[in-house]
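In what follows, a structure is listed as structure tokens, so that the remarks can point back to it.
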Amino acid sequence: MKTQIAPSILAADFLNIKSEIDKMKKAGIEMIHFDIMDGHFVPNITFGVDFLKNIRKCCSLIFDVHLMVTNPDLFIAPFAEAGADVILFHREVSDFPLRLIKKIKSLKKKAGITLNPVTKIETIDTILPELDQVLLMSVEPGFYGQAFIPFVLKKIESLKAIIVKNNYKTLIEVDGGINEKNKNDIISAGADILVMGAGFFKKK
Ligand code: DX5
Ligand code: ZN
């Protein structure tokens, strides 16, 4: 499968959001990554359901919604209704991940779980068959423009090995600090989707 780039709209120029979307379309992008931050799970606040709904009016790309919120359960239905295609919640805030996955799927959306850099793959290996995507954070979540954490490469390789061995369909997405220089290493390790904030929008 070809590796996809999913630009994180958080790093876009908000004064010119329409032309930023056109830039993505022109670059052949198929998926946009939305970073939803609540100022509680992470030390930053971004945008909400209305922002997504408005972007949806001018854009039919795949909307990949990364919920960095303490209570994902509250936000699954509103984001599904606003136009999300994939909804990802964090393992660190979900003691009942199967319940959330079921909820996302009942709304006919793809379901994904995100792991912070230090959260082990073993916390989700039993539920991989239920997941469309696993998002491995390669920075501590909260801000774009941080540096890639190198130990995550091994984590990508280990997760890929489990997926291949069991013939699962789960895609591996990697998020944080990805740029032209390190992207080939991340792809070689086994990533299917690369989220790029600064690496896409802040490039000259
Ligand atoms: C970090 C976010 C990322 C971030 C990526 O909390 O989840 O999606 O915007 O931006 P870069 O590629 O600049 O690290
Ligand atoms: Zn993200």
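Order of appearance sets the numbers: ligands from 1, and atoms from 1 within every ligand.
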(Q) Closer than 4.0 angstrom, basic N to acidic O: yes or no for E157 and K154? (A) no
Q: Fit a plane to each ring of F34 and F63, take the angle between them on a 0 to 90° scale, and name the class: parallel (under 30°), tilted (30 to 60°) or perpendicular (over 60°).
A: tilted
Q: Determine, using ring centers only, whether F14 and F51 are less than 6.0 Å apart.
A: yes
Q. Can you name the residues that form a side chain to side chain donor-acceptor pair (under 3.5 Å) with N182, not counting sequence neighbours?
A. none
Q: State whether D22 and K18 are salt-bridged, where the test is any N-O pair (Lys NZ or Arg NE/NH1/NH2 against Asp/Glu carboxylate O) under 4.0 Å.
A: yes
List of N/O pairs, ligand 1 versus protein, all under 3.5 Å?
from: ligand 1; atom 1: 6 (O); to: G142; atom 2: N; distance (Å): 2.7
from: ligand 1; atom 1: 7 (O); to: D35; atom 2: OD1; distance (Å): 2.9
from: ligand 1; atom 1: 7 (O); to: H66; atom 2: ND1; distance (Å): 3.3
from: ligand 1; atom 1: 7 (O); to: D175; atom 2: OD2; distance (Å): 2.9
from: ligand 1; atom 1: 8 (O); to: H33; atom 2: NE2; distance (Å): 3.4
from: ligand 1; atom 1: 8 (O); to: D35; atom 2: OD1; distance (Å): 3.0
from: ligand 1; atom 1: 8 (O); to: D35; atom 2: OD2; distance (Å): 2.8
from: ligand 1; atom 1: 8 (O); to: D175; atom 2: OD1; distance (Å): 2.6
from: ligand 1; atom 1: 8 (O); to: D175; atom 2: OD2; distance (Å): 2.9
from: ligand 1; atom 1: 9 (O); to: S8; atom 2: OG; distance (Å): 3.1
from: ligand 1; atom 1: 9 (O); to: D35; atom 2: OD2; distance (Å): 2.9
from: ligand 1; atom 1: 12 (O); to: G197; atom 2: N; distance (Å): 2.8
from: ligand 1; atom 1: 13 (O); to: G145; atom 2: N; distance (Å): 2.8
from: ligand 1; atom 1: 13 (O); to: A198; atom 2: N; distance (Å): 2.9
from: ligand 1; atom 1: 14 (O); to: G177; atom 2: N; distance (Å): 2.8

Q: For the pair E140 (side chain) and N116 (backbone), establish whether a donor and an acceptor sit closer than 3.5 Å, ignoring hydrogens and angles.
A: no
Q: May I ask you to check whether over 12 heavy atoms, not counting those of K105, lie within 6.0 Å of atom NZ?
A: yes
Q. Given atoms OD1 of D35 and ND1 of H66, what angle do they subtend at the Zn ion (ligand 2), to the nearest 10 degrees?
A. 90°
Q.
With rounding to 10 degrees, what does the angle D175:OD2 / the Zn ion (ligand 2) / H33:NE2 come to?
A. 100°
